[in-house]
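Values in this document were obtained by computation on a predicted structure and should not be read as measured data. Atoms considered below: every heavy atom in the structure, side chains included; atoms not considered: hydrogens, waters and symmetry mates. Here is how names work: the chains are called A, B, and so on, in the same order as the sequence lines, proteins then strands, and each is numbered from 1.
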Amino acid sequence: MRTFPSPSIYNALDCIMSYYPDRFTDIAKIEIETLLSHCLENIHNDSEKFLTTLIIKSLRNLVGPTGIDEHIYLKKYEITQIELFNLLIKEFPFVKWGHEISNSIMFNKLTNINKVIIIDIGIGQGIQMLNLLNKLKQNKKIEQVILLGIEPFKDALLAASMNMNNIKKELPFDFEFIPLQTFAQDIDLKTLNECIGEFEGEIIINASLALHHIQTLEERIHVLNIFRILNPIGIVLVEANIDHFEPDFYRRFQNCYQHYYHIFQVIDSLNIDNHARSGLKLFFGREIEDIIGKNNNDRYEKHEPAFRWIEKLIHCGFNVRNNFLDKLPDIGGGIEIGFNDQGFLGFTFSTDTLLSVIYAESSSRSI
Amino acid sequence: MYKYCKQSVNVVFLNSNDLNYIHMIVHSNNNVKIEYDSAKKRLTQTWIGFIQSKDFRIAIDATVEFAEKNLVQTIVSDTLLQGVVKPEDTGYANSVMPKLIGRGLKAMAFVIPENIFTQLSLKKFADNEKSDKVQYFKSTKEANAWLDKV
């Protein structure tokens, strides 16, 4: 039987994105509707269709409605916050192993330290810090830990406070949790000094998937400069290795597609059921909506490639370290973890390094 | 010599060399032309550019109406230069296939469109019409060659 090859979904989407900003004509809207209709067929079995649907959904703010409403189709894939939270922490390798590796770096750095303030930017509910505190039980030298948890969302910070209060009695060292509800870009030295008070000890800073929420380059530099003034023994950044800071819409779309295409392939490889898989993809739809569907000034998911974070750290007086772990875990799922010559630890799937772990020290401490 | 005949709504041409051959324009507008070859009992639809939903359905209806009154054994649908078709219009085209087959249609050949969105439209049609009777070709020459053998 003579048939014809299925048209490339990416090529069709690429064509639609090239209409931005002012060529979304009535015919273009029918093209969008046609692509959407194609993608909604067997969407649960095809990651590329799922991703394209999420990108088209994100275009709604720019294009307006078309004949098909994808919300009805996507709604059935929604999962509860608890399910999502557990999936991200326990199953999604970039979060699970990103936390694990940055905790290992901090644990190693604190080996001979007696007193430390850990500043965690974007602490959320404090799950990563709970794991670090549990790990620090093995450190016999440590006497006092102060954890300054910075988080803009009150509910998450309240949950973190509860978690920290619960673990406190299990810890063999003095422990104090200081919650600070603010956005990272609003941090200032005065506030930090007020929170910390007089303290004789070291400072270590952790920012896992947090700093890309800072909207402007100036604010990013400002925050890193403040961190540098604190003269920490180390700073660990975990960031998606992709350029969503890019102001040009079309190039940002291309970066977005490439990144999430691979992220979705990783999700497909996870040993979870289809419903959880789709729910996880839907979660990333929120990031995609920010990257594609919002005006640049209203965006918060502004990832940058690792080399640009490294440039900023160096600019602010940090020395970036490479080969900072002796043994790298084998996490499976087709993801290779390895040190990159540019100065970071990369999580690579297929040909794409999707996540970076960057470790730097204050330059005065490195000499 | 060309001779005007009353047939459906349009013009019929008689070819003076072959009295069995009648070339008839069944339906025509800026975006589609439907012709009938009486010798081969073949309808050829040639689509150009984007056609509004209403005009698309009128063309489909004209095809069905003609097939109800005349023997149509094969159809070539040349979509090479056709623009995108709304998903519900693609569904409408699918919905008339049983009628056409019921009236004696043996085979239908599509010329694959260049436009990627029209390809998606045709793919939707193809997914709903999985049959040896409908096949897809790169050119009208290939399409006609296959239909000639059916």
Side-chain angles (χ1 to χ4, degrees), chain A residues 1-20 23-46 48-53 55-57 59 63-74 250 253-254 257, chain B residues 31 48-56 76-80 82-94 107-139 141-147 149-150:
Chain A
M1 186 170 136
R2 289 283 295 264
T3 178
F4 66 101
S6 204
S8 157
I9 292 173
Y10 177 77
N11 288 346
L13 183 62
D14 185 72
C15 182
I16 284 168
M17 296 315 240
S18 72
Y19 296 153
Y20 179 87
R23 290 191 295 137
F24 290 114
T25 60
D26 287 345
I27 294 177
K29 287 184 182 181
I30 295 172
E31 291 175 346
I32 292 170
E33 197 180 318
T34 301
L35 178 57
L36 191 54
S37 167
H38 178 71
C39 289
L40 291 173
E41 296 270 335
N42 295 321
I43 185 173
H44 57 286
N45 286 330
D46 189 325
E48 198 179 14
K49 287 183 173 180
F50 208 114
L51 175 58
T52 301
T53 301
I55 290 176
I56 291 175
K57 177 176 180 279
L59 268 182
V63 182
T66 61
I68 298 174
D69 183 358
E70 70 288 335
H71 288 85
I72 300 160
Y73 295 85
L74 291 174
Y250 180 69
F253 149 69
Q254 290 179 313
Y257 191 93
Chain B
N31 301 108
I48 304 281
F50 174 72
I51 183 165
Q52 293 289 349
S53 183
K54 184 183 160 203
D55 293 333
F56 179 85
V76 175
S77 188
D78 180 359
T79 65
L80 185 72
Q82 188 179 8
V84 66
V85 178
K86 287 184 96 168
E88 55 266 38
D89 292 339
T90 304
Y92 188 76
N94 279 120
M108 183 166 183
F110 280 90
V111 181
I112 300 167
E114 286 176 347
N115 180 305
I116 194 161
F117 298 102
T118 322
Q119 286 177 21
L120 289 170
S121 303
L122 186 57
K123 184 73 186 162
K124 187 178 178 72
F125 177 91
D127 288 345
N128 290 324
E129 200 59 55
K130 286 177 180 156
S131 153
D132 286 346
K133 287 177 189 280
V134 184
Q135 301 204 17
Y136 305 85
F137 300 88
K138 285 181 181 166
S139 67
K141 191 178 171 188
E142 287 180 38
N144 278 304
W146 176 65
L147 290 177
K149 290 179 198 163
V150 172

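Here B:F117 is the residue among B:F137, B:F117, B:F110 with the most heavy-atom pairs under 4.5 Å with chain A. Of the listed residues (A:S8, A:A12, A:S37), the one with the most heavy-atom contacts under 4.5 Å to chain B is A:A12.
Proximity to chain A (any heavy atom under 4.5 Å) is shown, for B:Q52, by neither the backbone nor the side chain. Using a 4.5 Å cut-off between heavy atoms, B:K124 contacts chain A through its side chain alone, with no backbone atom that close. Within the 4.5 angstrom heavy-atom criterion, no atom of B:D127 approaches chain A. Looking at B:L120, the atoms closer than 4.5 Å to chain A (heavy atoms on both sides) sit in the backbone and in the side chain alike.
Counting heavy atoms of neighbouring residues, nucleotides and ligands inside a 6.0 Å radius, atom CD of A:E41 does not exceed 12 of them. In A:D26, the CG atom is not crowded: 12 or fewer heavy atoms of neighbouring residues, nucleotides or ligands sit closer than 6.0 Å. When the shell of 6.0 Å around OH of A:Y73 is examined, it contains 12 or fewer heavy atoms from other residues, nucleotides or ligands.
Looking at every heavy atom in both residues, B:P87 comes nearest to A:E33 through CD-OE2, 3.7 Å.
Using a 4.5 Å cut-off on side-chain heavy atoms (C-beta onward), A:Q254 and A:Y10 make contact.
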